[in-house]
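A short write-up of the structure that comes next.
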Amino acid sequence: MNDQATDEKKELRLAVVYSVLLTALLWIVQIVSVVFSLQLKQFGLRPLEWKGLSGIFSMPLLHADWGHLISNTPAMLLLIFGLFLFYKRDAWRILLYLYLLSGFLTWLMGRSSTHIGASGLVYALAAFHFLSGVIKKVPRQRAFALLVAFLYGGFVWAFFPVLYKGTSVSWEGHLSGLFAGMVFALYFRDKGPEPPVYPFSEDENTDTEEVDRYWDLPEDTGSPRNK
């Protein structure tokens, strides 16, 4: 097995480990909250309140119930896996930026309520992967973007507040995640895997002017004529 194949397997394993560990953190918080009857939901994000700014950090870690957490888990696993698979060392920085900007935008535009859940971060990751796949010329990254669109294409309906009127769903968090993902997909467009380089078979050193053409041949003077 060559070094390149070994490195690729190592990167794949790391991407799996990071996605599992980071998603497991959400479950640990929920388990601790339930087992010890902690009211952690009160520490969620409260828009336009100074004390609610701390919710930018806590909001993605808190969930209303097990169903809320379970609904976010598959997307978190897949999207974080893709982030570390394609961006490697830059993935931590990208994840932090998406985390902070999606939360801050929710704090700016959210309704007066306590916002919790990882949905905003999920939308940020999904938007980041999809737009990155569109603007970059990397086949496997575009394939991943198509997978995200196929699995989570219905996310587009989450940006219409009229659909969530009278519910506790934070459409503001969804919209904030969309904006954050788009912003950083453009900002990090030069990071990640490089587009493949296709070799050309044409020999550029070939001088076509040296090819003899029948009209370039010297005029035939024929045999000597008898005088």
Any side-chain to backbone donor/acceptor pair from [X] onto [Y]? Under 3.5 Å, distance only.
| X | Y | answer |
| --- | --- | --- |
| Y99 | F57 | yes |
| E172 | R111 | yes |
| T114 | G44 | no |
| S33 | V29 | no |
| K136 | R189 | yes |

Are [X] and [Y] connected in the hydrophobic side-chain network, where two residues link if heavy atoms are under 4.5 Å apart?
| X | Y | value |
| --- | --- | --- |
| M109 | V183 | yes |
| L69 | V34 | yes |
| L147 | V122 | yes |
| L125 | I135 | yes |
| L21 | L96 | no |

Between H115 and T106, is any side-chain donor less than 3.5 angstrom from a side-chain acceptor?
-> no
At what distance, to the nearest 0.5 angstrom, does [atom1] of [X] lie from [atom2] of [Y]?
| X | Y | atom1 | atom2 | result |
| --- | --- | --- | --- | --- |
| F179 | M182 | CZ | CE | 7.5 Å |
| R46 | S54 | CZ | OG | 11.0 Å |
| L178 | F130 | CG | CZ | 11.0 Å |
| L62 | K41 | CG | NZ | 9.5 Å |
| H68 | I116 | NE2 | CD1 | 6.5 Å |
| Y187 | L101 | OH | CG | 12.5 Å |

Side-chain heavy-atom pair [X], [Y] within 4.5 angstrom cut-off:
| X | Y | result |
| --- | --- | --- |
| Y123 | Y152 | no |
| S58 | L45 | no |
| T73 | L26 | no |

For the residue pair [X] and [Y], what are the closest heavy atoms and their distance?
| X | Y | result |
| --- | --- | --- |
| S19 | F81 | CB-N, 3.5 Å |
| S102 | A124 | CB-CB, 4.4 Å |
| K137 | P139 | O-CD, 3.7 Å |
| H63 | A118 | NE2-N, 3.4 Å |
| V138 | P193 | CG2-O, 3.5 Å |
| L98 | G181 | CD2-CA, 3.8 Å |

When the ring planes of F104 and W107 are compared, do they come out parallel, tilted or perpendicular, using 30° and 60° as the limits?
-> parallel
Over 60° means perpendicular and under 30° means parallel, so classify the ring planes of F144 and F86, tilted if in between.
-> perpendicular
Between D90 and R93, is there a side-chain N and carboxylate O pair less than 4.0 Å apart?
-> yes
Does the gap between the ring centers of F128 and Y87 come in under 6.0 Å?
-> yes
Side chain to side chain contact (heavy atoms under 4.5 Å, CB included) between M76 and L121: does it pass, once the steps are laid out?
-> CA-CA 8 Å; M76 287 288 288; L121 182 58; 4.1 Å; yes
For atom NZ of K191, is the number of surrounding heavy atoms from other residues, nucleotides or ligands below 6.0 Å larger than 12?
-> no
Check step by step if side chain to side chain contact (heavy atoms under 4.5 Å, CB included) holds for V148 and L79.
-> CA-CA 8 Å; V148 170; L79 298 173; 3.8 Å; yes
Let me see the working for I94 and F84 under side chain to side chain contact (heavy atoms under 4.5 Å, CB included), right down to the final yes or no.
-> CA-CA 10 Å; I94 296 170; F84 280 94; over 6 Å; no
Just do the side chain to side chain contact (heavy atoms under 4.5 Å, CB included) check on L83 and H129 with the steps written out, would you?
-> CA-CA 8 Å; L83 187 66; H129 279 301; 4.1 Å; yes
